[in-house]
Peer 1: 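I have a structure here, written as structure tokens, and I will follow up with some questions on it.
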2 protein chains.
Amino acid sequence: MISIRKTEMRLTPQRMAILEYLHGNIEHPSAEDIYKNVKGRYPSMSFATVYNTIEALKKNGLVRELTIDPVKRRYDPNMELHHHMICMDCNKVRDVHIKLDINVPVEQLGGFYISDNHVEFYGTCSECREKNIKKGE
Amino acid sequence: MISIRKTEMRLTPQRMAILEYLHGNIEHPSAEDIYKNVKGRYPSMSFATVYNTIEALKKNGLVRELTIDPVKRRYDPNMELHHHMICMDCNKVRDVHIKLDINVPVEQLGGFYISDNHVEFYGTCSECREKNIKKGE
DNA sequence: TCCTTGACTAAGAATGATTCTTATGTTATA
DNA sequence: TATAACATAAGAATCATTCTTAGTCAAGGA
């Protein structure tokens, strides 16, 4: 079982700025997104600090690393169990807040113990569907 | 399974070697894995050709690109709808061959049209579970 | 207070996967 | 045969991420 460890982070201005940007953010920002945004308020901010901070946040269970994008990592401050709908036209990622109890037959498990699941739904978002209809596609 | 027949791809020796390596491969190899293996038989093989070939295979629906690994892309010749169990201890990825009809409530969809899904199950594989028991964890 | 320790920041170098460029070769077909 | 379209391959370029190193800062003990 997961036990939360008492690794108290120091709350530096840089970290606060990053946390503030991430808080409630549903855009699944990349390291670059974070950097660019926080750089505005903290011109001395460097990529190294972004990565260091993310690493610290991950360790403390405050941020989830997503592997949706093959090009760059994306981060999600929403630690609640949730899933993603990915539009195959515009690549936008949207959260799906439902708890899914997915049953896997024992013969498929082969002794594997499942503790968590994450579903990627692929398809087309409403905006792209409208666009496609207009284009007569 | 991989059948190149109906595609309009040119079947060069290099491509055949890559296809042969991928055929039935359940290891989810990376570009480097492919390169290293095929290099043995085709010393002139280059990374560029590996990537070009993968790109062509993807376009023709013969290979699926996986985003499981944040460090490098992995490829899967199995195009049947399937899912993955990822061991959080040893990072091994195992296929789960079941069709899952996952129902998403309309209010969560927001007009999104779902055509496909892919589930990542996280947990511990049987080997790692045994190891952990021995370590008294 | 001063010193020590350890955590944090930041700049730039290093790494490494992927893509691009360019030159050359090969196949298909008009 | 000529030409266009497609393939290969070497190395350069790109770009996200990690590493290195040096400097800063805070807390605690003597």
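Labels below follow one simple rule: chain letters A, B, ... track the order of the sequence lines, proteins then strands, and each chain is numbered from 1.
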Peer 1: Base, sugar-phosphate alone, or nothing: which one does B:Ala56 contact when heavy atoms must sit under 4.0 Å apart?
Peer 2: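 Since no nucleic acid heavy atom lies under 4.0 Å of B:Ala56, the category is nothing.
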
Peer 1: Would you mind telling me which of C:dA10, D:dT8, C:dC20 lies closest to the side-chain atoms of B:Ala48?
Peer 2: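 It is C:dC20.
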
Peer 1: Could you walk me through whether A:Asp33 and A:Ser30 pass the side chain to side chain donor-acceptor pair (under 3.5 Å) check?
Peer 2: CA-CA 5 Å; A:Asp33 297 330; A:Ser30 64; 3.1 Å; yes

Peer 1: Please state how far atom OH in B:Tyr42 lies from atom C1' in C:dG25, giving the value in whole angstrom units.
Peer 2: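 Taking OH of B:Tyr42 and C1' of C:dG25, I get 16 Å after rounding.
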
Peer 1: How many whole angstroms separate atom NZ of B:Lys58 from atom P of C:dT19?
Peer 2: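 After rounding, the gap between these two atoms is 7 Å.
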
Peer 1: Could you say whether B:Thr12 or A:Tyr75 is positioned toward the 5' end of DNA chain D, judged by the nucleotide with the nearest heavy atom to each?
Peer 2: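 Final value for this comparison: B:Thr12.
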
Peer 1: Report yes or no: do A:Val119 and A:Met88 belong to one cluster of Ile/Leu/Val/Met/Phe/Trp/Tyr joined by side chain heavy-atom distances under 4.5 Å?
Peer 2: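 In one cluster with A:Val119: A:Met88, no.
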
Peer 1: What is the separation between atom CZ on B:Phe47 and atom C1' on C:dG16, rounded to the nearest whole Å?
Peer 2: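 To the nearest whole Å, that distance equals 10 Å.
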
Peer 1: Between C1' on C:dT9 and CG on A:Leu11, what's the gap in Å once rounded to a whole number?
Peer 2: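 For the pair A:Leu11 CG and C:dT9 C1', the rounded distance is 15 Å.
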
Peer 1: Roughly how many Å is it from CE in B:Met16 to C1' in D:dT8, rounded to a whole number?
Peer 2: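 From B:Met16 CE to D:dT8 C1': 17 Å.
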
Peer 1: What is the separation between atom OH on A:Tyr35 and atom P on C:dT9, rounded to the nearest whole Å?
Peer 2: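 The distance from OH of A:Tyr35 to P of C:dT9 comes to 15 Å, rounded to the nearest Å.
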
Peer 1: Between D:dA10 atom C1' and B:Lys39 atom NZ, what is the distance in whole Å?
Peer 2: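 The distance from NZ of B:Lys39 to C1' of D:dA10 comes to 10 Å, rounded to the nearest Å.
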
Peer 1: Measure the NZ-NE2 distance between A:Lys92 and A:His84 for me, rounded to the nearest 0.5 Å.
Peer 2: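 One gets 14.5 Å once the value is rounded to the nearest 0.5 Å.
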
Peer 1: Ignoring the backbone of B:Gln14, work out which of D:dA7, C:dA10, D:dA9 is nearest its side chain.
Peer 2: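 Between D:dA7, C:dA10, D:dA9, the one nearest the side chain of B:Gln14 would be D:dA9.
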
Peer 1: Rounding to a whole Å, what distance do you find between B:Leu66:CG and C:dT18:P?
Peer 2: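 About 12 Å, once rounded to whole Å.
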
Peer 1: More 5' along DNA chain D: B:Pro43 or B:Pro70, using each one's nearest nucleotide?
Peer 2: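 On the 5' side of the pair lies B:Pro43.
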
Peer 1: Within less than 4.0 Å of OP1 or OP2 of D:dA9, is there a side-chain N or O belonging to B:Thr49?
Peer 2: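 Looking at the OP1 and OP2 atoms of D:dA9, one of them is under 4.0 Å from a side-chain N or O of B:Thr49.
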
Peer 1: Of the nucleotides C:dA10, D:dT17, D:dA5, which one has an atom closest to the side chain of A:Tyr51?
Peer 2: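 Of the candidates, D:dT17 comes closest.
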
Peer 1: Side chain of A:Arg73 only, please: which of D:dT17, C:dT9, C:dT27 is the nearest?
Peer 2: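 Selected nucleotide: D:dT17.
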
Peer 1: Under 4.0 Å, heavy atoms only, any strand: does A:Ser44 hit a base, just the sugar-phosphate, or nothing?
Peer 2: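 Since only primed, P, OP1 and OP2 atoms lie under 4.0 Å of A:Ser44, the category is sugar-phosphate.
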
Peer 1: Are A:Asn117 and B:His83 linked by a side-chain donor-acceptor pair shorter than 3.5 Å?
Peer 2: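 No donor-acceptor contact under 3.5 Å links the two side chains.
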
Peer 1: Out of C:dA11, C:dT18, C:dT9, which nucleotide sits closest to the side chain of A:Arg15?
Peer 2: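 Looking only at side-chain atoms, A:Arg15 lies closest to C:dT9.
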
Peer 1: Taking B:Arg94 for the side chain and B:Met85 for the main chain, is one N or O donor matched with an acceptor at less than 3.5 Å?
Peer 2: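 No.
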
